[in-house]
Amino acid sequence: QSRQRVYVGKAEASLKDAGRYSWVSDIRDRVSIARSIATDEADFKAALKSMGVTVSDNSPKCARRDWIYSFSDHPSRRISGEKMGLMFGRDSIRSHFLSIDFVRLGDAEYERIAAIAAEAVELDDLSELHDLALTLEANERYQIDSMVDYEHVIDELEHSGSEDVEAVKAARSFSSRKSLLPQRGSAARIYSHGSSRNPATWSGQRDRPVGIQQAQERTEPNRDAKER
């Protein structure tokens with residue numbers, strides 16, 4: 001298990017550097033998306049199921065309890081959550097849903113994200129799936145829920161000289177291209193330098209999300225099964 005928030009092993013890094021498919025990276029992206037759109041543990045598992053990933057408990061004999069993620073159509077491709085990084089482990093995800101800072105998506109945003117993910121899974125567009133996962137991670141990290149937020153956060157990161165600015169700019173570009181977020185968000189926010197964000201309304205929260213529509217088929221490119 002890794003104590004890093006996101007951990008990329010040598011085999012995965014080598015495959016990505018060579019422009020080849022990494023099933024570990026693929027599973028991580030799907031887990032990240034499910035974590036971002038779900039409202040609780042049941043919704044998280046349902047979202048993953050709709051994206052072709054099964055969630056199971058690891059062995060009770062393991063020193064640390066965790067979840068095992070595997071492809072429904074390739075059960076041998078399986079990995080524990082914390083081997084991909086601490087944020088993908090069972091305890092971290094459960095804590096995420098209980099956090100006071102946990103912001104639930106509005107209906108419109110949820111449905112848009114779900115549609116993008118479903119189309120990417122159905123078309124086996126792994127690049128699109130990866131970009132969506134990175135965008136949602138950036139949005140969560142900087143509590144971005146509107147396009148206006150991007151401008152303020154980017155300004156702050158540039159002012160501080162943070163390396164994260166490029167990741168947030170990429171998230172802004174993806175969100176703009178995919179109409180992922182409203183122009184203004186759901187609550188006032190005070191920035192370290194600059195004006196506060198004016199409050200605006202989002203659509204009502206869901207009682208329970210309906211889940212990502214199941215992709216019926218997933219084509220398989222040339223993929224290596226040996227990876228950890």
Measuring only between side-chain heavy atoms, which start at C-beta, is [X] closer than 4.5 Å to [Y]?
X	Y	answer
D57	D66	no
M84	Y69	yes
K49	S72	no

Exercise for review: Please name all residues satisfying salt bridge (charged side-chain N to carboxylate O under 4.0 Å, His left out) with R172, sequence neighbours left out, ordered by chain then number.
Suggested key: E151
Practice item. Tell me, please, which residues at least two apart from K16 pass salt bridge (charged side-chain N to carboxylate O under 4.0 Å, His left out). Key: none
Point to revise | Worked verdict on M147 versus S176 for side chain to side chain contact (heavy atoms under 4.5 Å, CB included) | key: CA-CA 8 Å; M147 296 305 297; S176 176; 3.8 Å; yes
Practice item. Have a look at I68 and tell me which of R78, R90, K83 forms a side-chain contact (heavy atoms from CB on, under 4.5 Å) with it. Key: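 Of the listed residues R78, R90, K83, the side-chain contact (heavy atoms from CB on, under 4.5 Å) partner of I68 is R78.
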Review point. Hey, mind stepping through T54 and F71 against side chain to side chain contact (heavy atoms under 4.5 Å, CB included) and telling me if it holds?
Key: CA-CA 6 Å; T54 299; F71 281 122; over 6 Å; no
Practice item. Compute whether any side-chain donor of one residue and acceptor of the other, for D149 and Y142, lie under 3.5 angstrom apart. Key: no
Point to revise | Candidate pair R65 and E82, rule salt bridge (Lys or Arg N to Asp or Glu O under 4.0 Å), full reasoning | key: CA-CA 10 Å; R65 300 311 308 274; E82 290 189 352; over 6 Å; no
Practice item. Pick out which of D29, D125, D26 makes a side chain to side chain donor-acceptor pair (under 3.5 Å) with H130. Key: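 Looking at D29, D125, D26, the match for H130 under the side chain to side chain donor-acceptor pair (under 3.5 Å) is D29.
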Check your understanding: Using 4.0 Å as the upper bound for N to carboxylate O, is an ion pair formed by R28 and E12?
Key -> yes
Review point. Is there a side chain to side chain contact (heavy atoms under 4.5 Å, CB included) between L180 and I113 once you walk through the steps?
Key: CA-CA 7 Å; L180 204 62; I113 291 169; 3.5 Å; yes
Practice item. Applying side chain to side chain contact (heavy atoms under 4.5 Å, CB included), run through Q4 and L86 and close with a yes or a no. Key: CA-CA 6 Å; Q4 299 177 35; L86 191 61; over 6 Å; no
Going hydrophobic residue to hydrophobic residue with side-chain gaps under 4.5 angstrom, can you get from [X] over to [Y]?
X	Y	result
L126	L132	yes
F97	V31	yes
V153	V165	yes
V121	Y21	yes
L157	L181	yes

Exercise for review: Output the distance between atom NE2 (H96) and atom CG (D91), rounded to the nearest 0.5 Å.
Suggested key: 14.5 Å
Check your understanding: How many angstroms lie between atom CD1 of I144 and atom OG of S146, to the nearest 0.5 angstrom?
Key -> 8.5 Å
Give me the atom names and distance for the closest heavy-atom approach of [X] to [Y].
X	Y	answer
F88	R5	CE1-O, 4.1 Å
R112	S179	CG-O, 3.7 Å
A117	M51	CB-SD, 4.3 Å
S70	I27	CA-CD1, 4.3 Å
N58	R64	ND2-O, 3.0 Å
M87	I93	O-CG1, 3.5 Å

Using distance only, find each side-chain donor-acceptor pair of residues 133-140 under 3.5 Å and give its atom names and separation, not counting sequence neighbours.
residue, atom, partner, partner atom, Å
T135, OG1, D131, O, 2.9
E137, OE2, S32, OG, 2.7
N139, OD1, Y150, OH, 2.6
N139, ND2, Y150, OH, 3.3
E140, OE1, R35, NH1, 2.6
E140, OE2, R35, NH1, 2.8
E140, OE2, R35, NH2, 3.3

Review point. Taking the six-membered ring for Trp, are the ring centroids of F44 and W67 within less than 6.0 Å of each other?
Key: yes
